[in-house]
S.K.: 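Quick one: this structure, given as structure tokens, is what I'll be asking you about.
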There are 2 protein chains.
Amino acid sequence: MDTEINQLRTECFRALCETAGIAVTHQRQVVYEELCVMHGHPSPEEVYGRVRSRIPSISLATVYKTIHLFIESGVFREVSLHHGTLRVETNARPHHHLVCTQCKAIRDIDAEELGLTPAEGQLSDGFLVQRYAVDVLGLCAGCQKSAPQ
Amino acid sequence: MDTEINQLRTECFRALCETAGIAVTHQRQVVYEELCVMHGHPSPEEVYGRVRSRIPSISLATVYKTIHLFIESGVFREVSLHHGTLRVETNARPHHHLVCTQCKAIRDIDAEELGLTPAEGQLSDGFLVQRYAVDVLGLCAGCQKSAPQ
DNA sequence: CTAGGTGCAAAGTATTTGCAACGCT
DNA sequence: AGCGTTGCAAATACTTTGCACCTAG
């Protein structure tokens, strides 16, 4: 029976919503619960598919709105902060990215300046490492001033 | 005068195309040259905008095709391998991603298992680090077998 | 000469928005 | 009761595709 664990999730979710200052609705509750039990990195469509089996009348737009709300509130994260459109890497030097979580600006930082030199070769499960791409997430100087908190 | 440097780029580009086994066309040449002088992480639209000032008749579709060709041939990279659609991170533990460059599959790896613990705090330019997101790019076990080379 | 490349327009996918009805607080 | 939330349909953004014509090799 998942009843008890869902009961627990309901409590957690109410608390989360209170903190974030948003309303607790049945749709949000169900999207939250389904996300909690989904593994991997589901797309809005996949979430929609599962949620619809519990709330047949829900719309995809609501799922999108809810996911965005969760991300803004810090309840969940998105896999990549720069997923919007195709972007070409024009910098040929080995480098990583400073990504501002506020304004989404991306700045390059030379690999050696960042000083991260992880192990090469084969990982335990047979994954063959080619290279590392590091996103350093944080606040750029500008956003630290404008959003002091 | 940029004439000389462009002359040089023309040479480089011909060599690149030869290696990749693709034809050298005026459109590809110009897209290549513009990408070389653009900074940051341009979108196809931005590239189109610049290229159009030199080849007014070029179509956005050609720019897309050309960018994809460049990426496949390894002439340029894309900023994020998982930019397609919004994906929700359901794994609450601190972790990073093993991304297969062949089949695009993403697997989680615990942060401590990867053993990468970079410095916290403030970077030289005032960027305030919150966390690191690492993509380990390579070939998963399956793709190593199917594409031995 | 011919295989591959281009431009156009149309189609496809992903996501957002305006608005009337509805439900939480 | 009032404002935020929902569902719908339409709009928008981004990207791909089919096809006739063109061009590099």
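Only a predicted model underlies this, so the values are computations on that prediction, with no experimental measurement involved. Each chain gets a letter, A, B and so on, in the order the sequences are listed, and its residues count up from 1.
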S.K.: When you check the side-chain N and O atoms of Q130(B) and T101(A), is any donor under 3.5 Å from an acceptor?
M.R.: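 Per modelled atom types, Q130(B) and T101(A) side chains form a pair under 3.5 Å.
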S.K.: Ignoring hydrogens and angles, does a donor from either the side chain of K65(B) or the base of dG4(C) sit under 3.5 Å from an acceptor on the other?
M.R.: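 Looking at the base of dG4(C), it does not pair with any donor or acceptor on the side chain of K65(B) (distance under 3.5 Å).
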S.K.: Between A23(A) and L60(B), just flag the one whose closest nucleotide in DNA chain D comes earlier from the 5' side.
M.R.: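 Taking each residue's closest nucleotide, the earlier one in sequence belongs to A23(A).
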S.K.: OP1 or OP2 of dT16(C) sitting under 4.0 Å from any side-chain N/O of H68(A)?
M.R.: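 Checking dT16(C) against H68(A), a side-chain N or O does come within under 4.0 Å of OP1 or OP2.
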S.K.: Give the first and the last nucleotide of DNA chain D, reading 5' to 3', that has any atom under 4.0 Å from a heavy atom of chain A.
M.R.: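 Counting from the 5' end, contacts occupy dT5(D) to dT15(D).
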S.K.: Going by the angle between their ring planes, with limits at 30° and 60°, are H41(B) and H97(A) parallel, tilted or perpendicular?
M.R.: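 Judged by the thresholds at 30° and 60°, the geometry between H41(B) and H97(A) is perpendicular.
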S.K.: Could you list the residues that satisfy side chain to side chain donor-acceptor pair (under 3.5 Å) with T10(B), not counting sequence neighbours?
M.R.: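 Expected list: none.
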S.K.: Name all pairs fulfilling the salt bridge (charged side-chain N to carboxylate O under 4.0 Å, His left out) condition that reach into residues 51-74 of chain B, sequence neighbours left out, sorted by first residue then second.
M.R.: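 Found E33(B)-R54(B), E34(B)-R54(B).
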S.K.: Under the criterion side chain to side chain contact (heavy atoms under 4.5 Å, CB included), which of L81(B), V99(B), I106(B), L98(B) is the partner of D135(B)?
M.R.: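 Considering L81(B), V99(B), I106(B), L98(B), a side chain to side chain contact (heavy atoms under 4.5 Å, CB included) with D135(B) is found only for V99(B).
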S.K.: For A20(A), what residues pass the side chain to side chain contact (heavy atoms under 4.5 Å, CB included) criterion, not counting sequence neighbours?
M.R.: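 Result, side chain to side chain contact (heavy atoms under 4.5 Å, CB included) vs A20(A): I22(A), S73(A).
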S.K.: Quick one: which residue pairs count as a salt bridge (charged side-chain N to carboxylate O under 4.0 Å, His left out) with a foot in residues 83-104 of chain A, not counting sequence neighbours?
M.R.: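 Non-adjacent pairs meeting salt bridge (charged side-chain N to carboxylate O under 4.0 Å, His left out): R87(A)-E46(B), R93(A)-D110(A).
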S.K.: From the set dT15(C), dG7(C), dG5(C), return the single nucleotide nearest to any side-chain atom of I22(B).
M.R.: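 The answer is dG5(C).
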S.K.: Got a sec? Which of residues 26-47 of chain A come in under 4.0 Å of DNA chain D, heavy atoms?
M.R.: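 Result for residues 26-47 of chain A: Q27(A), R28(A), sorted by number.
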S.K.: Is there a side-chain polar atom (N or O) of S57(B) under 4.0 Å from OP1 or OP2 of dG7(C)?
M.R.: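 For dG7(C), OP1/OP2 do have a side-chain N/O of S57(B) under 4.0 Å.
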S.K.: Using a heavy-atom cut-off of under 4.0 Å over every strand shown, decide if A61(A) touches base, sugar-phosphate, or nothing.
M.R.: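 Since a base atom lies under 4.0 Å of A61(A), the category is base.
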